[in-house]
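Here is how names work: the chains are called A, B, and so on, in the same order as the sequence lines, proteins then strands, and each is numbered from 1.
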2 protein chains.
Amino acid sequence: MARSNRTRYAVLGMLAIGKRSGYDLKKEFERRMSHFWAESLGQIYPTLKQLLDEGMVRAHRDSGTGRRVRTVYSITARGRKELSAWLQDPPQTEQVRNEMLLKLYFGPELGVESAVTHLSRFETEQRRVLEVMEGFQPEIAEVAESGEQELFWKITLASGLHVIRARIAWCQEARCMLEKWRQSEGQTKPRALRRLEAS
Amino acid sequence: MARSNRTRYAVLGMLAIGKRSGYDLKKEFERRMSHFWAESLGQIYPTLKQLLDEGMVRAHRDSGTGRRVRTVYSITARGRKELSAWLQDPPQTEQVRNEMLLKLYFGPELGVESAVTHLSRFETEQRRVLEVMEGFQPEIAEVAESGEQELFWKITLASGLHVIRARIAWCQEARCMLEKWRQSEGQTKPRALRRLEAS
DNA sequence: TTACGCATGTAAGAGGTTACATGATTTT
DNA sequence: AAAATCATGTAACCTCTTACATGCGTAA
């Protein structure tokens with residue numbers, strides 16, 4: 001049973017924008033959609049093949065303009081219909097799995113020291129991501145093929161900006177809380193260490 | 001290959017807090033950790049069995065105080081050591097998959113109308129989640145078994161609050177953007193419909 | 001000529017969900 | 001007496017990642 005197979009629709013959706021090769025798809029997921037969607041090549045190629053068998057997409061050999069030969073795919077009417085139906089369904093909220101928060105939840109076992117380390121690293125990383133995303137903003141108008149396209153891409157980007165900024169704010173708050181605790185309690189050692197010392 | 005097997009550590013971490021049955025674990029994931037972690041029973045029971053075989057946990061028959069018999073597990077020294085090592089590793093950022101954002105990214109195919117519908121539904125849902133989380137706050141002090149426990153639980157809860165509020169703010173901004181577009185363009189129909197009408 | 005990026009794929013196998021199965025106890 | 005909740009599992013099955021394999025074109 002497992003999950004619904006969203007790779008199909010992710011691929012179909014991209015091909016609805018325009019013809020692309022498997023490799024193109026991977027690049028696009030990585031470069032422009034990484035803050036809300038990920039796909040691996042080991043998933044993309046088989047999916048493309050399957051969609052082809054089902055008549056959802058068409059394949060063309062593209063040997064255009066000096067480039068080496070590659071296979072580009074475009075969506076068929078059937079594919080577009082299937083995509084459309086899926087798009088209208090209310091989006092499923094995914095099951096979340098946030099390793100950072102899980103580790104913090106186990107804080108007494110982790111130790112305040114390490115918690116601060118994890119948080120600092122995370123904050124730095126999030127700031128870097130934020131910078132990249134802010135750099136996207138002007139790019140969108142150039143890449144989008146219509147005003148409508150641009151509108152929706154701006155909306156998805158805005159989501160990323162809001163959430164990342166919230167995460168950064170949270171990091172600061174959390175580190176502040178830990179600092180306060182440290183000062184008032186002097187409890188910086190993980191439970192495991194204290195356990196040892198007690199014996 | 002696939003992923004690292006975090007279920008092990010999630011279970012181990014919970015048992016480091018105190019003894020619990022498989023069923024208890026499931027409830028706790030669901031009720032108090034659902035905004036950052038999910039586990040299914042079909043995963044929990046086999047993991048518990050495996051951890052038992054490896055000597056990471058111990059099993060006790062608990063027929064206590066009028067309740068029916070159940071199997072509760074507690075962590076062993078080996079288990080705690082394994083957990084500790086994992087906790088110190090920098091948390092891996094998960095691959096994200098946000099169906100809502102994916103569908104919005106395909107906005108021209110989805111249509112402004114449906115986009116607004118999806119967003120509204122999502123916003124309502126997020127507001128409900130926010131309310132539940134805000135209700136948690138006072139509960140934490142009661143459930144936590146130490147000040148340190150309480151501190152860390154407050155930190156994970158704070159993350160949820162920040163992110164959910166950010167999502168709600170984004171919903172409003174996004175709907176505002178869509179409304180503006182609607183007024184200036186009058187383009188409320190999905191591309192599929194316009195395509196039909198054009199022929 | 002060596003190495004890197006482009007490009008396409010396959011295979012193995014872990015990880016995870018859902019559905020099925022079962023039975024006791026408590027509530028309505 | 002029926003229904004809901006507690007409680008524990010197993011089986012089927014899909015999804016997805018990682019690793020492996022291959023070869024072309026171009027830049028250093």
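- Among residues two or more places apart in sequence or in another chain, the salt bridge (Lys or Arg N to Asp or Glu O under 4.0 Å) test is passed with A:Glu150 by A:Lys154.
- Between B:Gly22 and A:Thr7, the residue whose closest nucleotide on DNA chain D is further toward the 5' end is B:Gly22.
- Looking at heavy-atom distances under 4.0 Å, B:Tyr9 makes no contact with the nucleic acid at all.
- For A:Glu30, the salt bridge (Lys or Arg N to Asp or Glu O under 4.0 Å) partners at least two apart in sequence or on another chain are A:Lys26.
- OP1 or OP2 of C:dT10 has at least one side-chain nitrogen or oxygen of A:Lys49 nearer than 4.0 Å.
- Per the geometry, CG belonging to A:Leu25 stands 13 Å off C1' belonging to C:dA7, to the nearest Å.
- A close approach under 4.0 Å does not occur between any side-chain nitrogen or oxygen of A:Gln95 and OP1 or OP2 of C:dG16.
- Judged as a ring-ring contact (aromatic ring centres under 6.0 Å, His included), and not counting sequence neighbours, A:Tyr45 has no contacts.
- With 3.5 Å as the limit, one finds no donor-acceptor pair spanning the side chains of B:Trp86 and B:Glu82.
- For the helix from C:dT1-D:dA28 to C:dT28-D:dA1, the angle separating the two terminal helix axes comes to 30°, with each axis derived from five pairs and the value rounded to 10°.
- For the salt bridge (Lys or Arg N to Asp or Glu O under 4.0 Å) condition, the pairs that include at least one residue of residues 38-54 of chain A, sequence neighbours left out, are A:Arg8-A:Glu54, A:Glu39-B:Arg97.
- Side-chain atoms of A:Tyr73 lie closest to C:dG9 of the nucleotides D:dG9, D:dC16, C:dG9.
- The salt bridge (Lys or Arg N to Asp or Glu O under 4.0 Å) check on A:Glu134 picks up A:Arg165, with sequence neighbours excluded.
- Rounded to whole Å, the distance from NE2 on B:His60 to P on D:dA7 is 16 Å.
- In this structure, A:Glu94 places its CD atom 15 Å from P of D:dT15, rounding to the nearest Å.
- Every side-chain contact (heavy atoms from CB on, under 4.5 Å) that A:Phe36 has, sequence neighbours left out, goes to A:Met33, A:Thr156, B:Asn98, B:Leu101, B:Leu102, B:Tyr105.
- Evaluated for a side-chain hydrogen bond (donor to acceptor under 3.5 Å, both in side chains) with A:Gln126, the options A:Glu131, A:Arg167, A:Arg121 yield exactly one hit, A:Arg167.
- If you check residues 35-44 of chain A against DNA chain C, the residues with a heavy atom closer than 4.0 Å are A:Leu41, A:Gly42, listed by number.
- Contacts of B:Thr71 classified as side-chain contact (heavy atoms from CB on, under 4.5 Å), with partners at least two apart in sequence or in another chain: B:Ala59, B:Arg61, B:Tyr73.
- Side-chain atoms of A:Gln149 and A:Ser146, non-hydrogen and from C-beta on, do get closer than 4.5 Å to each other.
- For C:dT8, the OP1/OP2 oxygens have a side-chain nitrogen or oxygen of A:Ser21 closer than 4.0 Å.
- Scanning for side-chain contact (heavy atoms from CB on, under 4.5 Å) contacts around B:Thr76 gives B:Arg58, B:Arg78, with sequence neighbours left out.
- An OP1 or OP2 oxygen of D:dC16 is reached within less than 4.0 angstrom by a side-chain nitrogen or oxygen of A:Arg6.
- Residue A:Tyr23 places none of its side-chain N or O atoms closer than 4.0 Å to OP1 or OP2 of C:dT8.
- Rounded to whole Å, the distance from NZ on A:Lys26 to P on C:dG5 is 16 Å.
- Following rounding to the nearest Å, A:Asp62 (CG) and D:dG25 (C1') show an atom-to-atom distance of 15 Å.
- Taking A:Val116 as the reference, A:Val112, A:Ser120, A:Leu178, A:Arg182 meet the side-chain contact (heavy atoms from CB on, under 4.5 Å) condition, with sequence neighbours excluded.
- The CZ atom of B:Phe29 sits 11 Å away from the P atom of C:dG16 (whole-angstrom rounding).
- For B:Arg8 and C:dA14, the CZ to P distance is 13 Å, given to the nearest whole Å.
- Listed nucleotides C:dT10, D:dT10, C:dG16 differ in distance to B:Asn5; the shortest reach to its side chain belongs to C:dG16.
- Within residues 97-106 of chain B, the residues approaching DNA chain D are B:Arg97, by heavy-atom distance under 4.0 Å.
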